[in-house]
2 protein chains.
Amino acid sequence: MTTKNMEPGARGRPRAFDLDQAVERAMLLFHSRGYDAVGVAELGTELGIKPPSLYAAFGSKAGLFERALRRYAEGEANLFARARAGGGTVAEVLQRTLLEAARSYPERGGVAGCLVLDGARNSADPQARALALAAKAAARAAMRDVIAAEAPERAEDLADFMATAMAGMSAEARDGAGPERLLRFAELAGAAVRRELGDLSSAR
Amino acid sequence: MTTKNMEPGARGRPRAFDLDQAVERAMLLFHSRGYDAVGVAELGTELGIKPPSLYAAFGSKAGLFERALRRYAEGEANLFARARAGGGTVAEVLQRTLLEAARSYPERGGVAGCLVLDGARNSADPQARALALAAKAAARAAMRDVIAAEAPERAEDLADFMATAMAGMSAEARDGAGPERLLRFAELAGAAVRRELGDLSSAR
DNA sequence: CATATTATGTAGCACTCGCTACATTTCAAA
DNA sequence: TTTGAAATGTAGCGAGTGCTACATAATATG
């Protein structure tokens, strides 16, 4: 039936579905409605997998969420990595990160905000909450380290500021905010960051 | 048994529990864990009410949530109303609102963040989400109207900025942020607001 | 071929969800 | 005292939750 993702020394019956594609679809579902609001039954039908296959492949619903989170954080959704790839000073990179958030957080195809920041919010499952918090901590640490290279004494505080600003934009986007509203916030927040980094060109 | 809250022309068997106290406890439960994560069974045991009494008094779980939201928004949790009572310019009121949020959002007794902003986030119940969004819209409108009296052309944008900043602080508080972290954000955000309102004394 | 290994489909587990039917209790009004 | 109204307690509804036992199917290796 399928020979897509078969490793050389694979024994036993081969998997009948595409693992990466399943993780991708699960990621979209978790992102659009949050961890708890997506049940394994729906995951099964939407991924074309039945419960036993899902549990054989991912261990648990939380295991699938972990895979989805990893895929999310390592892909295009890593706004800081994208902004960083554009080069420039730390101030420019942070400003671009905020603007990227303002452009990508608003609802598109039923998906809004950040999966890491809001995907497990209010979840009744401590494991899911812990996974999202860990991913968030990793993202914050990446920002802190980059900031520290240029302004070590401000790295922690600025990373916190960025985390809070992005959490605000993610929440607003989930509540229906469009790009214009978020962009205005991103510009004000970005100006505050530049000022904090001593970039005086931020004076309007 | 009880004659606490009985109206003059009340007929039938009197209510055996204190309605306000029940709403207060429900408010704390919803606030600490979110709407979906608190079940009717737990509400019953925690409020000392059994399901039929709960439904006779509030109509539904969402009806109780609505009462809890109203109590929250009309009480001490209305940070903007509190800041406004302190008088001063619009810039000062907004700055104080942000500082109040930074002081009151961090976890205390198992409760963190804002019930209106995060209490129904990711809820699977559209009614609960709508109630929280309506309460949020009302709070935003109150800020916009007060801003408009002094800076009408900036009222909408500044209200959006405030809403986004407070959503960010609420989310961070729910993720474990303490007052120090939030206060640093509030000060930067407040400086941005003052600058936007033309208060030049914000130059550091 | 036989055998071990892994995945799949059927069916259903124990549990929780929001909610309610029903009889009973407790009150005001007649 | 009777009547009507409203709240309460007992018990449980139908639906959904995450998850799994079990038999079967499909592959690599011997």
Side-chain angles (χ1 to χ4, degrees), chain A residues 1-19 21-22 26 29-30 33-68 120 122-129 131, chain B residues 1-19 21-22 26 29-30 33-68 120 122-129 131:
Chain A
M1 184 69 77
T2 181
T3 48
K4 284 187 176 183
N5 40 349
M6 282 183 55
E7 288 142 28
R11 309 226 309 183
R13 178 173 176 171
R15 181 172 290 120
F17 63 94
D18 187 309
L19 228 166
Q21 189 177 6
L29 284 172
F30 286 138
R33 303 213 304 280
Y35 181 78
D36 285 18
V38 181
V40 290
E42 180 180 7
L43 285 168
T45 63
E46 212 69 28
L47 273 55
I49 305 174
K50 292 180 181 176
S53 297
L54 192 154
Y55 281 86
F58 305 108
S60 65
K61 182 188 172 187
L64 175 54
F65 183 57
E66 182 172 18
R67 294 284 295 261
N122 285 338
S123 171
D125 184 347
Q127 194 179 351
R129 293 199 307 268
L131 288 168
Chain B
M1 184 70 76
T2 181
T3 48
K4 283 188 177 181
N5 41 352
M6 283 183 54
E7 289 143 27
R11 311 231 308 187
R13 179 174 176 171
R15 181 171 291 118
F17 63 94
D18 187 309
L19 228 165
Q21 189 176 7
L29 285 172
F30 286 138
R33 303 213 306 280
Y35 181 78
D36 285 19
V38 181
V40 173
E42 182 180 5
L43 285 168
T45 62
E46 212 69 27
L47 272 56
I49 306 174
K50 291 179 181 174
S53 298
L54 192 155
Y55 281 86
F58 305 108
S60 65
K61 183 188 173 189
L64 175 55
F65 183 57
E66 183 173 15
R67 295 283 296 259
N122 286 339
S123 170
D125 184 345
Q127 195 179 350
R129 294 200 306 269
L131 288 168

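Naming convention: chains lettered A, B, ... in sequence-line order (proteins, then strands); numbering from 1 in each chain.
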Looking at A/Ser53, I'd like to know whether one of its side-chain N or O atoms comes within less than 4.0 Å of OP1 or OP2 on C/dA7. no
When you get a sec, tell me which of D/dC19, D/dT24, C/dC19 is the closest nucleotide to the side chain of B/Val40? C/dC19
A/Leu54 CG - D/dG18 P separation (whole Å): 10 Å
Here the distance between atom P of C/dT5 and atom CZ of A/Arg13, to the nearest Å, is 17 Å
Rounded distance [0.5 Å steps], CG in B/Asp36 versus CZ in B/Arg129: 9.0 Å
Rounded to whole Å, the CG-P distance (A/Leu47 to C/dG9) equals 13 Å
Quick one: A/Leu64 CG to D/dG18 C1', roughly how many Å, whole number? 13 Å
The answer to which of B/Ala41 and A/Pro51 contacts DNA chain C further toward the 5' end, by nearest nucleotide, is A/Pro51
Could a donor-acceptor pair under 3.5 angstrom be found where the side chain of A/Arg11 meets the base of D/dT27? no
Any non-hydrogen side-chain atom of A/Arg67 less than 4.5 Å from a side-chain atom of A/Leu19? yes
Tell me the interatomic distance from A/Leu43, atom CG, to D/dG16, atom P, rounded to whole angstroms. 16 Å
B/Pro52 side chain, from C-beta outward: closest of D/dC19, C/dT20, C/dT10: C/dT20
Report the distance from atom CZ of B/Arg15 to atom C1' of D/dA6, rounded to the nearest whole Å. 9 Å
Could you tell me whether the side chain of A/Phe17 reaches within less than 4.5 Å of the side chain of A/Leu47, counting heavy atoms only? no
What I'd like to find out is whether the side chain of B/Leu64 reaches to under 4.5 Å of the side chain of B/Val40, using heavy atoms alone. no
In whole Å, what is the span from the CD atom of B/Gln127 to the P atom of C/dC17? 19 Å
D/dG9, OP1 or OP2 - any side-chain N/O from B/Lys50 closer than 4.0 Å? no
Round to the nearest Å and state the distance from B/Asp125 atom CG to C/dT16 atom P. 21 Å
Do any N or O atoms from the side chain of B/Tyr35 and from the backbone of A/Asn122 form a donor-acceptor pair under 3.5 angstrom? no
Listed nucleotide nearest any side-chain atom of B/Tyr55, set D/dA25, D/dT20, C/dG18: C/dG18
With the side chain of B/Phe17 defined as its heavy atoms from C-beta on, choose the nearest nucleotide among D/dC19, C/dA29, D/dT8. D/dT8
